[in-house]
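Here the structure comes first, spelled out in structure tokens, and everything after it is commentary.
Residue indices begin at 1 and follow the sequence shown. Every value quoted in this text rests on a predicted model; they were computed, and no experiment measured them. Order of listing sets the numbers, starting from 1, for every ligand and every atom in it.
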Amino acid sequence: MSTIERKFTKKESRLYMAFMYVTYISLLIGGLMGLLQTLARSGKYNLPFGIDYYTILTVHGVILGLVLTTFFIIGFQFSLLGKTVGISDKQLKIGWISFWVMVIGTIMAATTILVGQASVLYTFYAPLRAHPVFYFGLALVIIGSWIAAFVNFRQLYVWKKANKGQKSPLLAYMVTINMIMWVIASLGVAVSVLVLFIPWSLGYAETINVLLSRTLFWYFGHPLVYFWLLPAYMAWYAVIPKIIGGKLFSDSLARMAFILLLMFSIPVGFHHQLTEPGIDPTWKFIQVVLTFMVIIPSLMTAFSIFATFEATGRKKGFSSLFGWFKKLPWTDVRFFAPFIGMVAFIPGGAGGIINASHQMNALVHNTIWITGHFHLTAATTVILTFFGITYWLVPHLTGRRLTPKLNKLGLIQTWIWTIGMVIMSGSMHIQGLIGGPRRSNFSEYAGGEQVASWINYQIAQAVGGTILFVGIILMVHIFIQLTFFAPRGFQEFPIAEEEIDAEPAPKVLENWYLWIGITIALILFAYTIPVFDILKHSPPGSPPFDWPIGK
Ligand code: HAS
């Protein structure tokens with residue numbers, strides 16, 4: 001039996017579904033917080049029960065940006081490895097341990113936020129200080145994800161031993177790269193939480209080195225966004241071709257793109273700190289150059305997707321320049337939702353290039369333009385692709401089918417999301433360009449001249465946010481249907497195959513020592529001197545800035 005046809009056991013499906021349950025519960029809670037935020041910022045509504053704006057802002061960011069994404073990605077990646085290289089009973093057990101460690105960490109962090117003891121936003125910038133339990137909770141989420149990573153590495157290792165000389169299946173290779181990146185990147189945030197934040201929040205250290213903590217955060221923070229993006233790329237490269245009736249465009253190109261993403265996604269954190277004093281401009285410039293390097297694999301991905309669409313269409317007999325485009329499976333939500341995600345990545349990626357362009361960053365940094373940027377990239381490109389995956393993965397795991405009715409609901413959901421996001425993210429971009437700040441609810445100061453020029457955009461954001469929340473309810477409904485109520489049957493787990501005459505992938509692409517070695521060398525080059533500078537020249541540490549501020 002080919003590895004692709006491997007069937008999941010019930011025990012396996014249960015583990016992968018456990019991650020999906022947390023994902024969709026998070027979507028509901030985090031989405032509700034997003035709705036409340038946009039309503040509060042519109043200046044037309046006050047939050048009920050004395051709820052603090054920054055508490056819901058933190059719940060929204062942590063639950064959607066950190067919890068939903070991590071659970072979906074780890075569950076999805078487990079299923080990809082289960083399908084392509086298999087999972088043993090022991091690995092399954094350790095997979096459960098990773099799940100529970102992450103759940104316990106999430107509950108600890110979420111509780112401290114909900115009781116108002118950790119309104120520190122998802123970046124938990126010092127000198128904002130949270131309750132120690134918040135940081136311990138985050139540390140557990142990271143440890144849980146590492147356990148999952150090591151299970152994944154072991155899965156591929158066992159397969160390689162049993163299949164000597166064979167190249168690893170493409171999806172298994174991609175998952176491995178994403179998890180290597182995740183482990184290397186999350187070391188930064190782990191050091192920052194364990195060495196800086198926990199002793200400080202427990203009162204053992206009176207002050208904290210703010211610049212160092214932010215630098216360690218962004219060493220992790222940029223690869224974090226690629227940790228979200230890469231599973232979407234896995235689906236674009238290796239799932240979508242099968243759904244549209246085509247083949248992989250190029251296995252080697254896909255592997256090369258992932259290697260470049262591994263090498264260049266980490267040594268670029270300074271592009272989030274371009275306006276910060278205390279970092280030598282030369283090192284900022286070097287990291288901006290490296291940021292432009294990490295754009296290349298995304299351009300390769302765009303090229304590869306267009307080529308797949310065109311090659312598939314031409315094989316089906318469409319010869320005119322754009323004939324293939326008309327015949328894409330527009331009414332299949334497994335294709336349509338990720339496709340809208342791809343389209344959103346064109347302006348989303350262009351926005352990223354603007355952000356990274358040093359001088360232009362001065363215009364947009366800390367404005368709500370940035371919020372618009374990541375709602376296009378993370379909350380549209382990535383999330384719509386995750387929804388697209390859900391439509392086939394969940395029924396495959398639950399032994400049900402995506403019915404035509406649910407498919408239609410999915411198409412409606414995608415349109416609702418698109419309309420809501422165009423309005424919300426569009427108005428965020430514009431308001432950012434006229435100076436509207438991010439992460440603040442200044443509606444209580446309405447009446448000032450500048451605020452008056454922003455207010456219409458904030459109302460637009462509330463309208464967009466409301467439409468998006470309708471989309472969330474619909475998506476949760478579809479998830480429940482696919483999990484418990486859709487008719488029993490078989491739903492395909494679509495994995496694209498290579499062309500019969502495809503060139504073999506060069507062996508060097510699996511030389512892990514080489515690629516991890518280059519990645520570490522680049523990180524050391526980009527960070528060693530500036531971090532020494534920070535340690536040597538930092539001003540005295542900052543005392544805590546406890547929440548709620550000024551109360
Ligand atoms: Fe970003 C800030 C730069 C990509 C997320 N980003 C953020 C923050 C988040 C985020 C969450 O340089 C805010 C952090 C905070 O809270 O402070 N970003 C970039 C660059 C890229 C980029 C250069 N970002 C992402 C992705 C994200 C994400 C992906 C989430 C998933 N970003 C920045 C910078 C900042 C920043 C600065 C800091 C700003 C500041 O001052 O604070 C690149 O990776 C983008 C490359 C992408 C492309 C697009 C390729 C297009 C493709 C689609 C093809 C479509 C097809 C469909 C084929 C070059 C692959 C067919 C279509 C037809 C029409 C037929």
Verdict with reasoning, Tyr233 to Trp236, per ring pair (Phe, Tyr, Trp, His ring centres under 6.0 Å): CA-CA 5 Å; Tyr233 276 9; Trp236 294 3; 5.3 Å; yes

Any atom of ligand 1 sitting under 4.0 Å from a heavy atom of [X]?
X	answer
Val294	no
Trp218	yes
Phe292	no

Any idea which of Val225, Ile370, Ile340, Leu363 brings a heavy atom closest to atom 39 (C) of ligand 1? Ile370

For [atom], which protein heavy atom lies nearest, and how many Å away is it?
atom	value
atom 3 (C) of ligand 1	Gly352 O, 3.3 Å
atom 60 (C) of ligand 1	Ser298 O, 3.5 Å
atom 34 (C) of ligand 1	Asn355 CB, 3.3 Å
atom 28 (C) of ligand 1	Thr377 OG1, 3.4 Å
atom 64 (C) of ligand 1	Val343 CG2, 4.3 Å
atom 38 (C) of ligand 1	His272 ND1, 3.5 Å
atom 11 (C) of ligand 1	Phe374 CB, 3.2 Å
atom 32 (N) of ligand 1	His373 NE2, 3.2 Å

Which residue in the set Ile113, Thr123, Leu121, Thr106 passes side chain to side chain contact (heavy atoms under 4.5 Å, CB included) when paired with Val62? Ile113

Of the options Leu230, Ile184, Asn152, Ile73, which is the one that meets Met179 in a side chain to side chain contact (heavy atoms under 4.5 Å, CB included)? Asn152

Atom CZ of Phe285: over 12 foreign heavy atoms under 6.0 Å: no

Count the heavy atoms belonging to other residues, nucleotides or ligands that lie under 6.0 Å from CH2 of Trp415, then report whether that count exceeds 12. no

Just jot down the ligand 1 atoms closer than 4.0 angstrom to any heavy atom of [X], in number order.
X	answer
Phe325	65 (C)
Ile305	58 (C)
Ala356	12 (O), 37 (C)
Ile295	59 (C)
His365	40 (C), 41 (O), 42 (O)
Gly349	45 (C), 47 (C), 48 (C), 49 (C)
Met342	53 (C), 55 (C), 56 (C), 57 (C)
Tyr226	21 (C), 43 (C), 44 (O)

Flag Tyr122 as yes when one of its N or O atoms lies below 3.5 Å from any N or O atom of ligand 1, and as no otherwise. yes

Do ligand 1 and Asn366 have nitrogen or oxygen atoms that lie under 3.5 Å from each other? no

Return yes when at least one N/O/S atom of His222 is nearer than 2.8 Å to atom 1 (Fe) of ligand 1, and no when none is. no

Leu274 and ligand 1 - part of the residue with a heavy-atom distance under 4.0 Å: neither

Structural part of Met360 in contact with ligand 1, heavy atom criterion under 4.0 angstrom: neither

I want to know whether Phe339 and Trp330 have ring centres closer than 6.0 Å. yes

Aromatic ring proximity, centroids under 6.0 angstrom, Tyr527 and Trp283: no

State whether a side-chain donor-acceptor pair under 3.5 Å links Gln461 with Gln431. yes

How would you list, by chain and number, every residue that makes a side-chain hydrogen bond (donor to acceptor under 3.5 Å, both in side chains) with Asn366, sequence neighbours excluded? none

Those residues at least two apart in sequence (or on a different chain) that pass side chain to side chain contact (heavy atoms under 4.5 Å, CB included) with Ser440 are Tyr54, Pro437, Phe442

In a check of ring pair (Phe, Tyr, Trp, His ring centres under 6.0 Å) between Phe387 and each of Phe479, Trp417, Phe76, which one passes? Trp417

Tell me which one of Phe217, Tyr125, Phe124 satisfies ring pair (Phe, Tyr, Trp, His ring centres under 6.0 Å) with Phe197. Phe124

Take Phe374 and Trp369, measure what ring pair (Phe, Tyr, Trp, His ring centres under 6.0 Å) needs, and give me the verdict at the end. CA-CA 9 Å; Phe374 68 69; Trp369 160 285; over 10 Å; no

